[in-house]
Amino acid sequence: MENSWKGLVNKTFFSQSTPDLAQALLGMVVAHDSPLGRCAGRIVEVEMYRGPDDKAAHSFGGRPTPRTRVMYGPPGYAYVYFVYGMHYCLNVVTGPIGSPEAILIRALEPLQGIEIMAQRRHIKIHEASANLCRLTNGPAKLAQALGIGIKEYGLELFNSPLQLYHDQDPLPSHVIATGPRINVSYAGEAALYPWRFWIKNHPCVSIKGRVQKTKT
DNA sequence: ATAATGATTGGC
DNA sequence: CCAATCATTATT
């Protein structure tokens, strides 16, 4: 039952800066235990949102709202939000108390609970086997596959049904790619910041994420 | 109370 | 390209 990968994160893991954490998360494992069973995947794509001054962030302006409340607390908790009337997305809260930053998990490589995830995603298992990445290659897809909804809002990632694990040595920077965030054109100049990170050439990077590959 | 809109996805 | 679909937010 308790597949532990290499090791559950400590609370202190989250004291790193948001840019450092965004890259540190790549290669780590997210797991969620539910009545249906345990599902898990390796993080292969993330985006960071940097607080009151980031026009693309939900915390832009720095005023807490019921939705963004958890981002103003300590790091290491789940910020889950609902968008487009039908999708949930999962973030890791970062930054010290009062600094509303977060990292959006955009894509996973499926590792455990494939059948459960296929069921939640309404994808036939044999069809999913042909391309497992379709289960979790997008922020709303992975939330659906892992069974993450508003009930998981505010869970602590080091001591709850939703967990973050180390599984391998930190990835060397040469296998990490960066580029602009997806779907934030409304953010003006902030839309151009290279605040999306992904594992180079990984097949499970989101569809939009692979459109334009490495730049700079 | 009302109106605008979105850190997406899937289908045409 | 565009519809789906409604909670959240800002505004009246």
Side-chain angles (χ1 to χ4, degrees), chain A residues 18-19 21-23 25-26 30 41 43-73 75 77-95 99-108 110 117-124 127-128 130-154 157 162 177-198 203-212:
Chain A
T18 299
L21 273 172
Q23 291 165 87
L25 287 177
L26 294 175
V30 183
I43 299 171
V44 302
E45 182 184 0
V46 300
E47 278 177 359
M48 61 176 180
Y49 288 84
R50 302 209 62 186
D53 299 324
D54 177 6
K55 285 204 182 92
H58 291 160
S59 52
F60 176 65
R63 280 184 15 275
T65 66
R67 181 178 64 159
T68 62
R69 169 182 55 79
V70 71
M71 279 200 278
Y72 290 81
Y77 290 73
Y79 166 46
V80 178
Y81 67 89
F82 183 67
V83 275
Y84 295 112
M86 61 189 94
H87 302 300
Y88 292 95
C89 295
L90 170 67
N91 294 252
V92 175
V93 171
T94 61
S99 184
E101 307 187 353
I103 297 169
L104 171 68
I105 310 298
R106 285 195 58 87
L108 302 176
M117 294 195 285
Q119 181 181 327
R120 291 200 181 108
R121 292 269 299 122
H122 308 112
I123 292 177
K124 291 183 175 59
E127 186 183 349
N131 185 0
L132 281 184
C133 291
R134 287 209 306 151
L135 292 172
T136 53
N137 62 348
K141 294 180 186 179
L142 70 90
Q144 180 181 27
L146 293 180
I148 290 170
I150 207 61
K151 303 178 305 302
E152 284 65 42
Y153 183 98
L157 273 17
L162 185 57
T178 73
R181 294 171 292 183
I182 309 287
N183 286 349
V184 294
S185 55
Y186 58 85
E189 189 178 305
L192 303 176
Y193 300 160
W195 287 354
R196 184 167 68 92
F197 302 87
W198 67 98
C204 295
V205 167
S206 67
I207 303 294
K208 284 200 171 183
R210 69 182 56 202
V211 172
Q212 67 171 3

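Per chain, numbering begins at 1; letters A, B, ... match sequence-line order. This one's a predicted model, so the numbers in the text were calculated from it and none came from an experiment.
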Checklist entry - Checking side-chain hydrogen bond (donor to acceptor under 3.5 Å, both in side chains) for the pair A:R120/A:Q144: CA distance, chi angles, key distance, verdict? => result CA-CA 6 Å; A:R120 291 200 181 108; A:Q144 180 181 27; over 6 Å; no
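Nucleotide C:dT5 is matched to nothing when pairs are restricted to Watson-Crick or G-U wobble geometry with both distances under 3.5 angstrom. Nucleotide B:dT2 forms a pair with C:dA10, judged by Watson-Crick or G-U wobble geometry with both contacts under 3.5 Å.
Contact check on A:R181 versus A:E47 returns no salt bridge, with no Lys/Arg side-chain nitrogen under 4.0 Å from an Asp/Glu carboxylate oxygen.
Here the closest non-hydrogen pair linking A:M71 and A:A102 is SD-CB, 3.7 Å. Counting all heavy atoms, side chain and backbone alike, A:A56 lies closest to A:A190 at N-CB, 4.5 Å.
The aromatic rings of A:W195 and A:Y193 sit tilted relative to each other, their planes meeting at an angle between 30° and 60°.
Residues meeting the ring pair (Phe, Tyr, Trp, His ring centres under 6.0 Å) test with A:Y153, sequence neighbours left out: none.
Separation of the P atoms belonging to B:dT2 and C:dT5 is 23 Å when rounded to the nearest angstrom.
Remark: A:T65 is not in phosphate contact with C:dT8, judged by side-chain N or O atoms under 4.0 Å from OP1 or OP2.
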Checklist outcome for this item: Readout for nucleotides 6-12 of chain B: B = base within 4.0 Å of protein heavy atom, S = sugar-phosphate only, - = neither; 5' to 3' it is BBBBS--
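Note: CZ (A:F60) to P (B:dT5) measures 16 Å, nearest angstrom.
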